[in-house]
Structures are given as structure tokens and as C-alpha cells.
Enquirer: 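First, the structure itself, so that you have it in front of you.
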Amino acid sequence: MRVQSSATTATAIAVPASREGRSSGTVLAALGVIAFSLTFPSTAWGLESFGPWSLVAVRGVLAALVAGGCLLALRVPLPERRHLPGIAVVALGVVFGFPMLTTLALRTSTTSHAAVVVGLLPLTTAVCSALRTGHRPSRRFWMAALAGAVAVLAFTVGQSGGALTTADGYLFAALVVCAAGYTEGGRLARVMPGWQVIGWALVLCLPLSLPAAAVALAYEPVHLTAHGVAGVLWVALGSQFLGLVVWYRGMAAIGIPKASQLQLAQPLLTLVWSALLLGEHLTAAAPLTAVAVLVCIAVTQRS
């Protein structure tokens with residue numbers, strides 16, 4: 001493999017301008033949102049067969065093998081050395097941190113509860129991006145972000161009987177590490193295709209995830225079921241790799257603002273999947289809080 005050239009970089013950040021390109025980009029971005037909305041229900045299924053550490057390690061190994069195969073098959077050049085620290089942040093935040101923390105949370109939390117809390121991710125990412133890049137959003141942006149945070153905090157405290165639980169702590173920590181990973185990934189996607197960013201992040205984690213999977217599988221009991229196998233396959237191949245591939249391609253075609261508008265539907269979609277696939281009973285507070293967060297995010301988008 002060779003180091004990525006400036007010509008390759010220029011080609012990678014080119015954006016289709018045709019109407020057909022925008023239409024296909026919208027479809028791809030929507031498919032990515034649907035893939036992400038199934039992550040929590042699939043994780044709950046995966047926990048039926050695997051322990052939390054085994055599930056995270058196995059999904060990382062499977063996704064890395066697929067990503068590495070694609071990078072080799074397409075003869076993608078190695079990323080430049082100056083991009084490696086950013087890819088490492090993506091790996092720690094998106095490949096390891098977020099899956100691990102949300103999986104630990106879902107041992108005791110319902111997927112509908114987790115979906116509402118993690119619905120703050122777009123806002124958290126926006127705040128992290130502002131701090132990282134030095135951009136100064138408007139006062140309306142910060143007011144909407146604060147309102148969304150207050151709505152989710154009130155929901156979590158109300159659902160937990162007046163106090164935050166350990167699962168809530170895992171979820172809030174997941175927001176921070178994932179926002180950092182998304183911010184670095186968005187920065188790197190300006191100079192290299194986004195799917196390559198997540199692909200190299202997965203491959204970078206393989207020397208750790210492979211022995212971790214071996215150790216975790218040796219210590220945590222495994223009881224294979226149809227739901228468990230389907231769950232781990234989806235979070236590995238659907239959410240962690242293929243979902244990000246179509247999401248980044250769609251985002252490149254229609255732009256980040258329009259793609260972000262599509263992502264507003266993700267928490268509500270997860271609530272629907274939780275009811276259909278897991279049979280969870282949704283309280284009135286869950287969809288109402290999700291809608292409130294969506295309104296706050298929409299305000300930040302227009303600010």
C-alpha cells in the first residue's frame with residue numbers, strides 16, 4: 001500500500017451535484033439512519049447469547065475483518081501519518097467506547113430509555129465540534145442545546161425514581177466519547193472518504209479486539225440463540241460498518257445539514273423497533289421526550 005496522495009484526497013471530497021446524485025444520496029443517508037436505529041434492539045438481542053465484553057469484542061472483530069477486506073480489495077492507500085491520531089480518537093470513541101458503554105447500560109436499561117438519552121448525541125456532537133474547531137454558535141443554538149439536555153435529564157431522573165442509575169451514567173459517558181469520535185471523524189472526512197475513516201479505525205482496533213474476544217469468550221458463558229446470533233451480526237456488519245458506509249456516502253452527496261435532518265428520526269425509530277422486536281411497553285414520557293429533543297435539535301440545525 002502507498003501513502004494517500006493529494007489527488008486522491010481531492011477526488012475523495014468531491015460532492016455530486018446532479019439531481020440524481022442528491023436523490024440517491026438521500027436514500028443512502030436514510031438507510032444509514034435505519035441501520036443505526038436498530039443498534040440498541042440488536043444489542044439487546046445479542047446480550048441473550050453473549051456477555052457484554054464478548055459482544056463488544058466479537059462485533060469489533062467481525063466488523064474489522066469485513067472493513068479490512070474491503071480496504072484490501074479496493075487497494076485503498078494507507079492513511080497519512082498525520083491522520084493517525086484522529087483515526088485513533090474515532091477508534092476509541094466509535095469502535096470501542098460507545099459500543100462498550102451502551103452495551104453495559106443495556107444490561108439493566110430498556111432500549112427505549114437508552115434511545116431517548118442517546119437522542120442527545122447530535123447536540124453533544126455539535127457542542128464537541130464547536131469546542132474542537134473554535135466555532136462560536138449563536139445564542140439560540142446554545143439555548144436549544146440546553147433545553148434538550150434538560151429534557152433528557154428530567155426524563156432519566158423521572159424514569160429512575162428520582163436519581164440517576166449506573167446505566168444512565170454509562171449512557172451519558174457514551175454520549176461524550178461518541179461525540180468526540182464523530183467530531184474527529186467529520187474532520188477527517190474532509191480529506192478522505194468517511195467509510196475509510198471508520199474502516200481504518202476498525203482495523204486499528206483489531207490487534208486489541210481479537211485477543212479481547214478470545215479472553216472474553218473464555219470467561220463469559222455463551223448460549224447461542226437465533227436472536228443472539230442475529231443481534232451480533234447486525235451490530236457488527238449493519239451498524240458498525242455497512243450503516244456507516246451508506247451514511248457517509250449519503251452525507252457526501254446531500255451535505256451534512258440535510259443528512260442531519262434525516263437523523264432526527266432515529267430516536268423515534270428506535271422506540272418503534274423496541275416495541276416491535278422486544279415487546280417493550282412505552283410510557284408516554286418516552287416519545288414525548290424524544291419529540292422534545294427532536295425539536296431542540298431542529299432549532300440548532302437552523303441556528
Side-chain angles (χ1 to χ4, degrees), residues 30-56 58-59 98-124 148-149 151-175 178 220 223-240 243 262-297:
L31 289 175
V33 171
I34 293 173
F36 300 151
S37 70
L38 282 162
T39 299
F40 285 172
S42 298
T43 300
W45 273 7
L47 287 172
E48 294 181 9
S49 295
F50 299 89
W53 296 98
S54 299
L55 178 59
V56 173
V58 169
R59 70 180 278 183
F98 185 80
M100 185 72 258
L101 291 166
T102 53
T103 299
L104 291 173
L106 287 172
R107 292 184 303 167
T108 56
S109 173
T110 64
T111 59
S112 57
H113 180 93
V116 173
V117 176
V118 179
L120 272 179
L121 183 56
L123 291 178
T124 311
V152 170
L153 184 61
F155 170 80
T156 54
V157 171
Q159 293 289 300
S160 305
L164 296 178
T165 65
T166 302
D168 294 325
Y170 285 136
L171 291 172
F172 284 119
L175 287 174
C178 191
E220 291 181 338
H223 306 287
L224 295 181
T225 64
H227 279 176
V229 172
V232 72
L233 287 176
W234 181 260
V235 293
L237 306 181
S239 301
Q240 190 121 31
L262 293 175
Q263 200 174 22
L264 299 182
Q266 186 174 322
L268 293 178
L269 283 174
T270 299
L271 294 181
V272 173
W273 296 130
S274 300
L276 294 179
L277 299 179
L278 303 176
E280 290 186 1
H281 175 69
L282 302 181
T283 63
L288 289 176
T289 305
V291 170
V293 171
L294 298 187
V295 171
C296 293
I297 295 174

Enquirer: Could you check if a side-chain atom of H113 sits within less than 4.5 angstrom of a side-chain atom of D168, using non-hydrogen atoms only?
Expert: yes
Enquirer: L171 and side-chain contact (heavy atoms from CB on, under 4.5 Å): which single residue from V118, T165, T166 fits?
Expert: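 Answer after filtering V118, T165, T166: V118.
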Enquirer: What heavy-atom pair brings A115 and P267 nearest, and what distance separates the two atoms?
Expert: O-CB, 4.0 Å
Enquirer: Under the criterion side-chain contact (heavy atoms from CB on, under 4.5 Å), I'd like the reasoning laid out for T43 against T102: C-alpha separation, chi angles, the key distance, then a yes or no.
Expert: CA-CA 9 Å; T43 300; T102 53; 5.7 Å; no
Enquirer: How far apart are the closest heavy atoms of W234 and S42, and which atoms are they?
Expert: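 Between these two residues, the closest heavy atoms are CD1-OG, 3.1 Å.
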Enquirer: What closest approach, in Å, do L101 and Y170 show between heavy atoms, and which atom pair accounts for it?
Expert: O-CB, 3.4 Å
Enquirer: First locate atom CG of L233, then atom CZ of R59, and finally report the distance between them rounded to the nearest 0.5 Å.
Expert: 12.0 Å
Enquirer: Quick one: do the S274 and S112 side chains pair a donor with an acceptor below 3.5 Å?
Expert: no
Enquirer: Does either side chain, that of T225 or that of S49, offer a donor lying less than 3.5 Å from an acceptor on the other one?
Expert: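 Yes, side-chain donor-acceptor contact under 3.5 Å.
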Enquirer: Evaluate the side-chain proximity of C178 to L121: yes if any heavy-atom separation is below 4.5 Å, no if none is.
Expert: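 Sidechains of C178 and L121: in contact.
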Enquirer: Return yes if some donor-acceptor pair links the side-chain N/O of T270 with the main-chain N/O of S37 below 3.5 Å, else return no.
Expert: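 Checked: pair present.
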Enquirer: Would you say E280's side chain and T111's backbone share a donor-acceptor pair under 3.5 angstrom?
Expert: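 The answer is yes, because a donor-acceptor pair under 3.5 Å joins these two groups.
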Enquirer: Start with the C-alpha gap between V56 and L104, add the side-chain angles, then the distance that decides, and say whether side-chain contact (heavy atoms from CB on, under 4.5 Å) holds.
Expert: CA-CA 10 Å; V56 173; L104 291 173; over 6 Å; no
Enquirer: How far does CZ of F98 sit from OG1 of T39, to the nearest 0.5 angstrom?
Expert: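 Separation between the atoms: 7.5 Å.
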Enquirer: Show the nearest heavy-atom pair for residues H227 and W45, with the distance to one decimal.
Expert: O-CB, 3.3 Å
Enquirer: Could you pull out the closest heavy-atom pair between S239 and A35, with the gap in Å?
Expert: OG-O, 3.5 Å
Enquirer: Atom CZ of F40 and atom OG1 of T103: how far apart are they, to the nearest 0.5 Å?
Expert: 8.5 Å
Enquirer: I want to check something: taking the side chain as every heavy atom from C-beta on, are T110 and L278 in contact at a cut-off of under 4.5 Å?
Expert: no
Enquirer: Say you draw a straight line from CG of L31 to CZ of F36; how long is it, rounded to the nearest 0.5 Å?
Expert: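 Nearest 0.5 Å value for the CG-CZ distance: 10.5 Å.
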